[in-house]
Amino acid sequence: MATTEKTTATPRGLIALPHNAARALVAVGAVGTITSTFMSWTYTSEFPGDLTYYGSPAGLQVLALVAGVLTLLYALTCWNVRGLGWLNPAGAVAPVVLAAASAFAVSWFSAIAIAVDLKGLVALDPGAYIAAIGSLVALVAALALPQPGDTVKSYITKPDNIPAASRLPGWVERLVISAATALALVVFAYGIGVDQDASETFLGYLLLVVFGAWALLTAGLFDRISELNARHKGFATSMAFLAAALFPFVENDEHNANLGVNILVVATVALGLNIVVGLTGLLDLGYVAFLGVGAYAAALVSGSEFSRFSGVQFPFWAAMLTGMLASLVFGVLIGAPTLRLRGDYLAIVTLGFGEIFRITVNNLDGTSGPNITNGPNGISMIPDLQIFGFNFGTPHDIGPITLGRFANYFLLMLIITAIVVVVFNRAADSRIGRSWIAIREDETAATAMGINGFRVKLIAFALGASLAGLAGTVSAHVGYSVNPAPYQFAGSVPPNSAFLLAAVVLGGMGTVGGPILGATLLYLLPEKLGFLKEYQLFAFGIALVILMRFRPEGIIANRRRQLEFHETGQLDIPESGLPDTTVGVTKAGA
């Protein structure tokens, strides 16, 4: 039998350049980008960040500096510089290309933004030109580096041959987790601290985060951090919540603390929705109504003079239980007659429930119906919470730092979010959680195996509703008032049902971090990019279409869903997996 000798193609780059020259040019371009950030980029301080100084990077210059340093570090990995092997374990080219792309994107976006805002290229100083040229040189040279495969895809995807990380002493692994958590806190604090009027700076920040994170992903660092987190799950979770608790101290600004509270409220409600949608597979389009039920229940017993029961003022723990119980009751009342439906029919019913709730509270004003909710005016002047004599509406000094009202509520909401995360994890890993997943995968098969589908779905619906009601009790006090406006399917005022569903799908269904990340992105982007507020739903739609095309499992992927959405070849039989003498089975072509 004739045999053919396999030949291995020599790796080559997309651009014809000697390999050593390409590696050197990546480093030169990175150094040029770094150097440019210490020069003036424009002659006037009218551009956000004041980029007129020499020797003092600011605004977009800081972002270009970080991108340049990242590019230089990955360029040095191409030279096998000792001590940097951990940054690129497989010695892949993709992280180098994407790091160079981050510097290119930030530098060229900055130059274009300056020229557009200040009416011409004449507004650019030498530093901006050096940044643009240096980043372009680095990117072109990175594309000339040798890479197996001659397609663009091979330069932006993670290689399959990333070596496994060696085990380190436990204290070292915990130190790595702590460092990664601290880095994440710094990145988030910088982004949320960007001034609302500096949309250009925030867009540059997004470009850096997207390409920088992509570079770290293709290098395999995210996989290694995930492995460490799984190995030290309790410690990693504790560090994550500790970093979140430090946020009001790192970014001590009441406006940003208010953003943090709202993000945590939305994230907590999204986690409850994740039980219904992500774990059980039930499409709920009226879920925000349960948040409204909890908020209105807490407002009615808050002691507000605009409450129908103005003489009643429950302590916080009682108001919290009241909001949860009210949402739980509504969840059971709505779920009991409707959860025998499936698919689109269930979605339509839940959408109808959400609209019925909003219209009902809008009409309970004493004219169209009994005077309970004060109609479209809602219930206002809700007093601040007091727990064990601690007034959340009063600033408190902790050392040299003063925590204002929203910082106090942020820490309270963080504790509630931690409780919801524990409930979600325990429920997902329990027997009932496995039943939810079975129902999601195939309800008919699950029922045939003895699972009571209706009871299991009703438990998911009730638990998700009660968690939303819990968040509603805090949101009522944070906002001083409740009114029917936010509790609709879609609108410009978050949270609404479309907003919550987008947070779950965008972040990653069936995960803990997914809804939290999704809520953060969807709440923060319109806030920092003022021009998106009028086109919020349009932006959501584009983001979801792109996500469904390239990463349908969400940003933070659930392992099971990742296997469903991507061809992994796990069912393929390896060529050497069966001997030639196996009875009844032959190799293809034998």
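As a basis for the values below, the full set of heavy atoms in this structure was taken, side chains included, without hydrogen atoms, waters or symmetry mates.
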Quick one: [atom1] on [X] to [atom2] on [Y], what's the gap to the nearest 0.5 Å?
{"X": "Leu500", "Y": "Leu291", "atom1": "CG", "atom2": "CG", "value": "7.5 Å"}
{"X": "Thr157", "Y": "Leu98", "atom1": "OG1", "atom2": "CG", "value": "9.0 Å"}
{"X": "Asn274", "Y": "Thr268", "atom1": "CG", "atom2": "OG1", "value": "12.5 Å"}
{"X": "Leu506", "Y": "Leu521", "atom1": "CG", "atom2": "CG", "value": "6.0 Å"}
{"X": "Asp284", "Y": "Ser497", "atom1": "CG", "atom2": "OG", "value": "7.0 Å"}
{"X": "Trp86", "Y": "Thr77", "atom1": "CH2", "atom2": "OG1", "value": "10.5 Å"}

Identify the heavy atoms of [X] and [Y] that sit nearest to each other, and give their distance.
{"X": "Leu522", "Y": "Ala503", "answer": "CD1-N, 3.4 Å"}
{"X": "Leu207", "Y": "Ala105", "answer": "CD1-O, 3.8 Å"}
{"X": "Trp41", "Y": "Ser110", "answer": "CZ3-CB, 3.6 Å"}
{"X": "Ser475", "Y": "Ala295", "answer": "OG-CB, 4.2 Å"}
{"X": "Ala142", "Y": "Val26", "answer": "N-CG2, 3.5 Å"}
{"X": "Gly212", "Y": "Leu70", "answer": "CA-CD2, 4.0 Å"}

Begin from the C-alpha positions of Leu271 and Leu467 and carry the test side-chain contact (heavy atoms from CB on, under 4.5 Å) through to its verdict. CA-CA 8 Å; Leu271 279 171; Leu467 295 181; 5.8 Å; no
Hey, does [Y] have a side-chain heavy atom less than 4.5 Å from the side chain of [X]?
{"X": "Pro48", "Y": "Asp195", "answer": "no"}
{"X": "Ile225", "Y": "Ile177", "answer": "no"}
{"X": "Phe38", "Y": "Leu65", "answer": "yes"}
{"X": "Leu51", "Y": "Ile114", "answer": "yes"}
{"X": "Val31", "Y": "Leu72", "answer": "yes"}
{"X": "Val266", "Y": "Thr520", "answer": "no"}
{"X": "Thr71", "Y": "Val69", "answer": "no"}
{"X": "Ile133", "Y": "Leu136", "answer": "no"}

Would you say [X]'s side chain and [Y]'s backbone share a donor-acceptor pair under 3.5 angstrom?
{"X": "Thr42", "Y": "Ala123", "answer": "yes"}
{"X": "Gln61", "Y": "Met39", "answer": "yes"}
{"X": "Thr181", "Y": "Met239", "answer": "no"}
{"X": "Arg358", "Y": "Gln488", "answer": "no"}
{"X": "Thr511", "Y": "Gly508", "answer": "yes"}
{"X": "Asn391", "Y": "Gly393", "answer": "yes"}
{"X": "Trp108", "Y": "Ser135", "answer": "no"}
{"X": "Thr218", "Y": "Trp214", "answer": "yes"}
{"X": "Ser36", "Y": "Thr33", "answer": "yes"}

Looking only at side-chain N and O atoms, does [Y] offer a donor or acceptor that is under 3.5 Å from a partner on [X]?
{"X": "Ser40", "Y": "Thr52", "answer": "no"}
{"X": "Tyr74", "Y": "Asn88", "answer": "no"}
{"X": "Ser45", "Y": "Asp50", "answer": "no"}

Does atom CH2 of Trp79 have more than 12 heavy-atom neighbours from other groups under 6.0 Å away?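 For Trp79, atom CH2 is crowded (more than 12 foreign heavy atoms under 6.0 Å).
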Step through the shown structure and confirm whether more than 12 heavy atoms of other residues, nucleotides or ligands are within 6.0 Å of CZ on Phe235.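 Count over threshold, so yes.
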Plane angle bin for Phe202 and Tyr205 - parallel if under 30°, tilted between 30 and 60°, otherwise perpendicular: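 Aromatic pair Tyr205/Phe202 classed tilted.
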Between Leu524 and Leu259, is the side-chain contact (heavy atoms from CB on, under 4.5 Å) condition met? List the steps. CA-CA 8 Å; Leu524 196 58; Leu259 284 179; 4.2 Å; yes
Step through it carefully: locate the ring centre of Phe247, locate the ring centre of Phe188, and say whether they are under 6.0 Å apart.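 Ring centres of Phe188 and Phe247 closer than 6.0 Å.
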Let me see the working for Phe424 and Ile275 under side-chain contact (heavy atoms from CB on, under 4.5 Å), right down to the final yes or no. CA-CA 7 Å; Phe424 182 92; Ile275 293 176; 3.5 Å; yes
Without placing hydrogens or testing angles, list every side-chain donor-acceptor pair under 3.5 Å for residues 404-413, not counting sequence neighbours.
from	atom 1	to	atom 2	distance (Å)
Arg405	NE	Asp384	OD1	2.8
Arg405	NE	Tyr480	OH	2.9
Arg405	NH1	Val478	O	3.1
Arg405	NH2	Asp384	OD1	2.9
Arg405	NH2	His477	O	2.8
Arg405	NH2	Val478	O	3.1
Asn408	ND2	Phe392	O	3.2
Asn408	ND2	Thr394	O	3.0
Asn408	ND2	His396	ND1	3.4
Asn408	ND2	Gly404	O	3.2
Tyr409	OH	Asp384	OD1	2.9
Tyr409	OH	Leu385	N	3.0

For Leu63 and Val66: C-alpha separation, side-chain torsions, deciding distance, then whether side-chain contact (heavy atoms from CB on, under 4.5 Å) applies. CA-CA 5 Å; Leu63 302 175; Val66 174; 5.8 Å; no
